[in-house]
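Bear in mind the structure is a predicted one, so any value in this text is a computation, not a measurement. Positions are given from 1 along the sequence. Numbering of ligands and ligand atoms starts at 1, following listing order.
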Amino acid sequence: MNKIAILVGARPNFMKAAPIIQALRSRRFPLRPFLIHSGQHYDWEMSQVFFSELGLPKPDRHLGVGSGSQAEQTARVMKALEPILQEIKPALMMVVGDVNSTMAGALTAVKLQIPVAHVEAGLRSFNREMPEELNRVVTDAVSDLFFTTEKSANENLRNEGVPKNRIHFTGNVMIDSLLRLIGPARRLAQPRKMGLAPRGYALATLHRPSNVDTVSGLKGIVESLSEISGSLPVVFPVHPRTRKNLEGFGLWKKSAKKSGLLLTEPLGYLQFISLMDQARMVLTDSGGVQEETTVLGVPCLTLRDETERPVTVEVGTNILIGSDPKRIVREARKILKGGGKKGRIPPLWDGKAAIRIVTIVNRWLEGREPKTSK
Ligand code: UD1
Ligand code: UDP
């Protein structure tokens, strides 16, 4: 059996890793997952909650790295991961997405001559002020196998000189999780539990440093959400980075008092997708939420100037609106009046990405080395 190490660490990693682990555990392949949690995210509602909801197994190892500066966090993951990889000798290291743990995992493995597969490879915002963009570029520079979610990613990788036979357009594993769990999420009826009517509220999430790390930026965005909430309740599950800043900038109390603005803890996956599914619109700077709203057909206003996921704009329901408070209010009003952008589902976002990925991984490993009975 070939051991496949999979590293997760931050919230969006769990939805992406779950279907891959499920596929690896099926008896169709002589492969076995070895799950490592870096501990980049550690609050119950940023990590543990997703394990039971998504059916993820308990990690085989937990690195407990916690928060820190960019370099500290990356270095801690690398330092703690290295001896584990030396011990377990995986046939392949699999990393997902674009967080610090992703880059640290790829770099540690490749330096030990362990091949790396990157799931969600090739996405580019072309904005190197984003820590995630640097993580994507570095991860792809050292990866051996590239699994992409949209055609733009294939083009980006080809432009960076990645050989064609290493790039596999397999679809979107985050959507595998969404399609598997949207039924149970609908039955949960989270909007009704919160006293909200279908299409009678907006859902907001924010956590990009460019939006939440300055007083003026965060204040402007929160004021625009407050203004929108005068016409339409806005549910705002607050990411820990954002909460820390709202409190630190003295904005928390005032925001919490606004009656139409419902500040909550970060929500579980089923609660969150249940809310997203029935929302009139979503306002976000999340990567994954841009994709999920496209699949659910819910209008999405992305509070950024660019996206590494252009298919959500070209094919889906996403509009890039930047972070100017007046524009945010204006675009939300347009949706209230006109119903918002309609879209279609991008190719291969069909719930079967993980099985395609694991099939290719297995074939690649078989071609690469003789089968062992380890
Ligand atoms: C990270 C990822 C980002 C991803 C996001 C998903 C990087 C560089 N950033 O951003 O790409 O979109 O996760 O949510 O990898 N904190 C807690 N509890 C936790 C986790 C974090 O309180 O469980 C607080 C800490 O104060 C920490 C801050 O949030 O310093 C930021 O956490 P960090 O993991 O560094 O970055 P995120 O903003 O969460
Ligand atoms: N999500 C969640 N609860 C929340 C907010 C988001 O379960 O309160 C889910 C969301 O549905 C998506 C993932 O978390 O599956 C996105 O993670 P996040 O926005 O933190 O990271 P990004 O995608 O921006 O890297």
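We find that R309 and E314 are not joined by a salt bridge, their nearest charged nitrogen and carboxylate oxygen being 4.0 Å or further apart. Remark: D213 engages R241 in a salt bridge, criterion side-chain N to carboxylate O under 4.0 Å. The pair R61-E87 counts as a salt bridge, with a side-chain nitrogen and a carboxylate oxygen less than 4.0 angstrom apart. Between E82 and K111 no salt bridge is recorded (no basic side-chain N to carboxylate O distance below 4.0 Å). With respect to the salt-bridge test (charged N to carboxylate O, under 4.0 angstrom), the residues K253 and E247 do not qualify. Using a 4.0 Å cut-off between charged side-chain N and carboxylate O, E155 and R158 make no salt bridge. Salt-bridge formation is not detected for the pair R356/D176: no Lys NZ or Arg NE/NH1/NH2 atom is positioned less than 4.0 Å from an Asp or Glu carboxylate oxygen.
By the neighbour-count criterion of 12 heavy atoms within 6.0 Å, atom NZ of K219 is sparsely surrounded, having that number or fewer from other residues, nucleotides or ligands.
No donor-acceptor pair under 3.5 Å is formed between the side chain of R136 and the backbone N or O of D98. One N or O on the side chain of S229 and one on the backbone of S226 form a donor-acceptor pair closer than 3.5 Å.
From the protein, the heavy atom lying nearest to atom 2 (C) of ligand 1 is V99 CG1, 3.7 Å. The single protein non-hydrogen atom nearest to atom 32 (O) of ligand 1 is H41 NE2, 4.3 Å, given as residue, atom name and distance. Nearest protein heavy-atom neighbour of atom 22 (O) of ligand 1: P240 CB, 3.4 Å. Protein heavy atom in closest approach to atom 18 (N) of ligand 1: D43 OD2, 2.9 Å. For atom 1 (N) of ligand 2, the closest non-hydrogen atom on the protein side is F272 CD2, 3.6 Å.
In the candidate list R241, E45, R136, R241 is nearest to atom 29 (O) of ligand 1, counting heavy atoms. If you check each of E291, R309, M174 against atom 13 (C) of ligand 2, the one with the closest non-hydrogen atom is M174.
Between R11 and ligand 1, a contact under 3.5 Å exists for no N or O pair. An N or O contact shorter than 3.5 Å links R208 to ligand 2 by distance. Backbone and side-chain nitrogen or oxygen atoms of D98 are examined, and none is located within less than 3.5 angstrom of a nitrogen or oxygen of ligand 2. Considering backbone and side-chain N/O of Q70, none are found under 3.5 Å from N/O of ligand 1. Note: an N/O pair closer than 3.5 Å links G288 and ligand 2 by distance alone. At least one N/O-N/O distance between Y42 and ligand 1 falls below 3.5 Å. In terms of polar-atom proximity, defined here as any N/O pair under 3.5 Å, L267 does make such a contact with ligand 2. Considering both main-chain and side-chain atoms, S286 comes within under 3.5 Å of ligand 2 through a nitrogen or oxygen pair.
Heavy-atom proximity to N100, at under 4.0 Å, picks out these atoms of ligand 1: 7 (C), 8 (C), 15 (O). Against a heavy-atom cut-off of under 4.0 Å, H207 is close to the following atoms of ligand 1: 4 (C), 5 (C), 6 (C), 12 (O). Taking a cut-off of under 4.0 Å to the non-hydrogen atoms of H239, the atoms of ligand 1 that pass are 14 (O), 37 (P), 38 (O), 39 (O). Listed by number with element, the atoms of ligand 2 under 4.0 Å from a non-hydrogen atom of G287 are 22 (P), 23 (O), 24 (O). Using a 4.0 Å cut-off to heavy atoms of P266, the atoms of ligand 2 that qualify are 8 (O). The ligand atoms of ligand 1 that sit less than 4.0 angstrom from a heavy atom of K244 are 26 (O), 30 (O). Within the listing of ligand 2, atoms 8 (O) sit less than 4.0 angstrom from a heavy atom of P237. Proximity to M15 (heavy-atom distance under 4.0 Å) selects the following atoms of ligand 2: 9 (C), 13 (C), 14 (O), 15 (O). In the vicinity of Q73, heavy-atom distances shorter than 4.0 Å reach the ligand 1 atoms 34 (O), 35 (O). With ligand atoms numbered from 1 in the order given, ligand 1 contributes 3 (C), 9 (N), 11 (O) to contacts under 4.0 Å with heavy atoms of E132. Listed by number with element, the atoms of ligand 1 under 4.0 Å from a non-hydrogen atom of R208 are 11 (O), 12 (O).
Put simply, no part of R243 is less than 4.0 Å from ligand 1, judged by heavy atoms.
If you look at H207 next to ligand 2, the close heavy atoms, those under 4.0 Å, all belong to the side chain. Residue contacts with ligand 1 for P12 involve side-chain atoms from C-beta outward but no N, CA, C or O (heavy atoms, distance under 4.0 Å).
To the nearest 0.5 angstrom, H207 atom NE2 is 12.5 Å from N245 atom CG. Atom CD in Q40 sits 8.0 Å away from atom OG in S67 (nearest 0.5 Å).
Contact annotation: the side chain of L218 approaches that of L251 to within less than 4.5 Å [non-hydrogen atoms, C-beta and beyond]. Under the 4.5 Å side-chain criterion, counting only non-hydrogen atoms from C-beta, R76 is not in contact with L63.
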Run the ring pair (Phe, Tyr, Trp, His ring centres under 6.0 Å) test on F146 and H118 for me, step by step, so that the C-alpha distance in whole Å, both residues' side-chain angles and the decisive distance to 0.1 Å come before the verdict.
CA-CA 5 Å; F146 302 81; H118 185 201; 7.6 Å; no
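The aromatic rings of F50 and F14 sit parallel, their planes meeting at an angle under 30°, below the 60° perpendicular limit.
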